[in-house]
Amino acid sequence: MERFLFLLIFPGICFAQTHPYQDLSHDSKVFGQPRYFRLYLPEDYRQSAERYPVIYFLHGYKGRYNKEPNVKPEYDLLGDLVNKYRVIMVMWDGNMEESNPAPYN
């Protein structure tokens, strides 16, 4: 199974991690700040012209895509489900600072 390779480089130290997902961000015009999300793609996505359904994983109140305190999904195993069912999955980080305007906080 193909895994994404992330290379974290610090002066004199190098760590390599492999995961079936990518942690990404985009500059949100709505929120006026970067918003973060986790993206799972089927392992042959880049070589395929196939179209895939998209699952948007929306968590509950103040949840995080990378550390959900009440639900502890097996993040690496979710990649197996993405491959099995041939879907794209996006897990967004809905955490907002209390100073952000309602209803998004």
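- Put simply, OH on Tyr36 and OG on Ser28 are 11.5 Å apart, with the number rounded to the nearest 0.5 Å.
- What you find for Pro20 and Gly79 is that their closest heavy atoms are CB-CA, 3.8 Å.
- For Asn83 (side chain) and Glu43 (main-chain N/O), a donor-acceptor pair under 3.5 Å exists by modelled atom type.
- Within the 4.5 Å cutoff, the side chain of Arg38 has no heavy atoms near those of the Leu24 side chain.
- Here the straight-line distance linking atom CG of Asp27 with atom NZ of Lys29 works out to 9.5 Å at 0.5 Å rounding.
- Applying the side chain to side chain contact (heavy atoms under 4.5 Å, CB included) rule to Ile88 yields the partners Leu39, Leu41, Pro42, Tyr45, Tyr52, Val54, Val90; only residues at least two apart in sequence or on another chain are considered.
- Only one option out of Phe57, Phe37, Tyr40 pairs with Tyr21 in a ring pair (Phe, Tyr, Trp, His ring centres under 6.0 Å); it is Tyr40.
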Determine, stepwise, if the pair Glu50 / Arg86 fulfils side-chain contact (heavy atoms from CB on, under 4.5 Å).
CA-CA 10 Å; Glu50 182 179 347; Arg86 318 260 324 128; 2.7 Å; yes

